[in-house]
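Notes follow once the structure below has been shown.
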Amino acid sequence: MLYFLRKQKYLIDYTLSSLLRRKAKSLGLLAVYSMIVFMLASVTLFSHALRNEAGLMLQASPEIILQRMEAGRHAMIPTDYLQRIGQLRGVKQKEGRLWGYYYDPAVKANYTIMTGGQSETPLTSIIIGTGIARARGLDVGDYLTLRSQNGEAFSFQISALLDDKSELVSADLLLMSPKAFRRVFNIPEGLYTDLVLSVRNPREVITVAEKLTQLLPDTRPILRDEVLRTYDSVFSWRQGILFVLLTGSILAFVIFAWDKASGLSAEERREIGILKAVGWETADVMRMKFWEGMIISLTAFLIGYLAAYAHVFFASASLFEPVLKGWAVLYPQFRLTPFVDGLQLATLFFFSVLPYIVATIIPIWRTSIADPDAVMR
Amino acid sequence: MRKSNAFIVCIFLLLVGFTATLIDAGIRRHQAASENESGTALVQQLGLTDLVLFTEARYTRHPSQSDLHSAFQDHPMALEHFPSGSLLLPPQRMQ
């Protein structure tokens, strides 16, 4: 065992000396390789963490949302629909929601205005998300003026800011009383944006939704499972899109690595010939080249992964921010919670380390079984 | 120092960093469980359905609530023109 280990150490010594003889080429390869692993790992870690975060947070979202449709578009729903639903078996609670969008020309941003749970809020008070506070430079006690549907200006005093820990779901929220909401958007009493239903037994959700579509044919139920599935597919899609964008650079790297690994230079061929001539066996040459692939790919994998972890979980994936932001003015400042699992790491490892080692070994084997005399000529 | 020893030290340090990320992930997940409570409570209280990732258009702000026409709302044959529309799939039930 000791003999084996000592032999491997000598092989590593030789391999490192050989790599250092071609310092610029080896370091260039290591840098490009690490960069590719960094990009792949950043995308994987980011999407995975965001998907988990969305899954955890949205678990608490309503079980059924009932929207009324008019000519294929979402329309306001009358309060008497609540009575028409009546005592549907399995429905624990049902209530109307008031929410909408407000475009603020001052900062060219869209706010989401809601009323949930704010019935006791004074008419002239609002609570805003930290994204709005940042964009408008507002704080508690300041005033924010909104222009109503009729062109009237309403001034609201900010009574509180929403917790910045919940920024991923609340950055653009503006909460006001239902009365103020109806006045700003000119919505008469008796209309809601949509209805929210909670169901006692989760297994009955689909049955309740079917009953609702029969009872109220102009409505569309949106189930919590659909919301969660939407987010799951959104992140898989985004990860896929980024991978497609990265394909160009990955292919460039594959060509680079393949060329470096398979097309042995005359110098390398001579090196192998000399090694065989001085008594190295084919297996030794193979081991030496295995170590060469291993040293480069393992180092690149570890450097790339560590840089990606720091980028996503310490620098808030700042390289992806311009892509995610699009034209949005309000963007939440959030620190993702790391979700790293074994499968994710194993996939990354197998797709980044193994192909390089395999690509290196095969051409070396072909050269090293050749006659040293022929190789050196 | 022998080159192989230097290499082993480097790999060892990188592996320490690798293990540190796993430990850090565990610790932060534990901390986040309590921090996320405020977010989850807000989702429950207001019945929120979507993350604030793309606020530029209503169908990207609330992808789960958008209707069939919203991405092409301006006029018939209108092309969907918000950048985030290219990063976002339509809701599950429409696929």
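Chain A is the first sequence line, chain B the second, and so forth, proteins listed ahead of strands; every chain is numbered from 1.
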Given D50(B), L15(B), I8(B), the one with more heavy-atom pairs under 4.5 angstrom with chain A than any other is D50(B)
Okay, Q8(A) and chain B: the region with an atom under 4.5 Å from a heavy atom over there is neither
Applying a strict 4.5 Å limit to non-hydrogen atoms, the region of N52(A) in contact with chain B is neither
Heavy-atom neighbours of R21(A) CZ exceed 12 at 6.0 Å = yes
| task | Could you tell me whether the side chain of D163(A) reaches within less than 4.5 Å of the side chain of L42(B), counting heavy atoms only? | result | no
For atom OH of Y103(A), is the number of surrounding heavy atoms from other residues, nucleotides or ligands below 6.0 Å larger than 12? yes
Most heavy-atom pairs under 4.5 Å with chain B, out of G131(A), S17(A), S198(A), A60(A), belong to A60(A)
Between P62(A) and T49(B), the two heavy atoms sitting closest are CD-CG2, 4.2 Å
For Q65(B) and R220(A), the nearest pair of non-hydrogen atoms, with its separation, is O-NH2, 3.5 Å
To the nearest 0.5 Å, atom SG of C10(B) lies from atom CG of L302(A) at 11.0 Å
Contacts of L16(A) meeting side-chain contact (heavy atoms from CB on, under 4.5 Å) (sequence neighbours excluded), chain-then-number -> I12(A), I295(A), K3(B), F7(B)
Applying a strict 4.5 Å limit to non-hydrogen atoms, the region of L45(A) in contact with chain B is neither
Donor-acceptor pair, side chain of R97(A) and main chain of G47(B), under 3.5 angstrom: yes
In short, D24(B) meets P338(A) closest at the heavy-atom pair OD2-CG, 4.5 Å
Checklist entry - So do V169(A) and L46(B) actually touch side chain to side chain, heavy atoms under 4.5 Å? => result no
*Quick check: does any side chain N or O of Y309(A) sit under 3.5 Å from a backbone N or O of A25(B), one acting as donor and the other as acceptor?*
yes
Bottom line for T112(A): the part with an atom under 4.5 Å from chain B's heavy atoms is side chain
So, the part of F339(A) with a heavy atom under 4.5 Å from chain B: the answer is both
Under 4.5 Å to a heavy atom of chain B? For Y10(A) that would be both
Under 4.5 Å to a heavy atom of chain B? For Y14(A) that would be neither
* So do L168(A) and L53(B) actually touch side chain to side chain, heavy atoms under 4.5 Å? -> yes
Q | T55(B) and N110(A): side chain donor to acceptor below 3.5 Å | A | no
Applying a strict 4.5 Å limit to non-hydrogen atoms, the region of L51(B) in contact with chain A is both
Nearest heavy-atom approach of R28(B) to T337(A) is O-CG2, 3.7 Å
Pair count under 4.5 Å, heavy atoms only, with chain A: among T40(B), T21(B), L48(B), highest is T21(B)
* Please indicate whether I206(A) has more than 12 foreign heavy atoms, meaning atoms of other residues, nucleotides or ligands, lying under 6.0 Å from its CD1. => no
Under 4.5 Å to a heavy atom of chain B? For L173(A) that would be side chain
Turns out that what part of D172(A) lies under 4.5 Å from chain B's heavy atoms comes down to both
Whatever's closer than 4.5 Å to a heavy atom in chain B on L228(A) counts as neither
